[in-house]
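What follows is a set of notes on a single structure, which appears directly below.
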Amino acid sequence: MASRQSKLQEDTYFRVMRILQENPDLTQRELAQMLGISVGGLNYCLKALIEKGLVKMRNFANSKSKFGYVYVLTPSGVVEKAAITQRFLQRKMEEYEMLKVEIEELRQEIESTLDTNTGKA
């Protein structure tokens, strides 16, 4: 079973690749802002994705970035993104099922508290 840290890292990779697939010319600052992480954290993530061969950086003259870079998913990056998406969806579905149980328990707790305080049996 994967550790919590590795799941969080994979979730970040998934989000980065998902956004980059649609918007390859975002600056690191824009991408970091969209993800709610620091530019340094994003840079670390991008370097890891590049080292794994999932993303490549290209010079692009029409990019919004003053450095003119775009981040493109490689063919293996597209395949890995699909696999990560499947695992991400499975985790989210499991979380959803756990939340449904917790919500129902809280509803029952509220009903029980209200019944006790109003004198209902």
Below 4.0 angstrom, N of the basic side chain to O of the carboxylate: do Glu94 and Arg87 qualify? no
Determine whether the side chains of Gln5 and Gln9 contain a donor N or O and an acceptor N or O closer than 3.5 Å. no
Just to verify, what does Asn23 make a side-chain hydrogen bond (donor to acceptor under 3.5 Å, both in side chains) with, not counting sequence neighbours? none
Treating Ile, Leu, Val, Met, Phe, Trp and Tyr as nodes and any side-chain heavy-atom pair under 4.5 angstrom as an edge, say whether Ile19 and Val78 lie in one connected cluster. yes
Set of salt bridge (charged side-chain N to carboxylate O under 4.0 Å, His left out) partners for Arg91, sequence neighbours left out: Glu10, Asp11
So CZ of Arg29 and CG of Leu31: to nearest 0.5 Å the spacing works out to 12.0 Å
Flag, side chain of Ser76 to backbone of Gly53, donor-acceptor distance under 3.5 Å: yes
Is the CD atom of Glu102 crowded by more than 12 outside heavy atoms at less than 6.0 Å? no
Looking at Gln108, I'd like to know if its CD atom is crowded, meaning that more than 12 non-hydrogen atoms belonging to other residues, nucleotides or ligands lie closer than 6.0 Å. yes
Considering non-hydrogen atoms only, spot the tightest contact between Lys81 and Leu73 and give its length. CD-CD2, 3.8 Å
Straight-line distance of Tyr71 OH to Thr27 OG1, nearest 0.5 Å: 8.5 Å
Counting only pairs under 3.5 Å, give me each side-chain donor-acceptor contact of residues 34-43, with atom names and distances, residues two or more places apart or in other chains.
residue : atom : partner : partner atom : Å
Ser38   : OG   : Gly41   : N            : 2.8
Asn43   : ND2  : Gln28   : OE1          : 3.1

What's the separation between atom CE in Met17 and atom CD1 in Ile84, rounded to the nearest 0.5 Å? 3.5 Å
Say you draw a straight line from OG1 of Thr74 to CD1 of Ile50; how long is it, rounded to the nearest 0.5 Å? 10.5 Å
Decide yes or no for Leu20 and Leu49: does some side-chain heavy atom of the first lie under 4.5 Å from some side-chain heavy atom of the second? no
Within a strict 4.5 Å, meaning less than it, do heavy atoms of the Tyr13 and Glu80 side chains meet? no
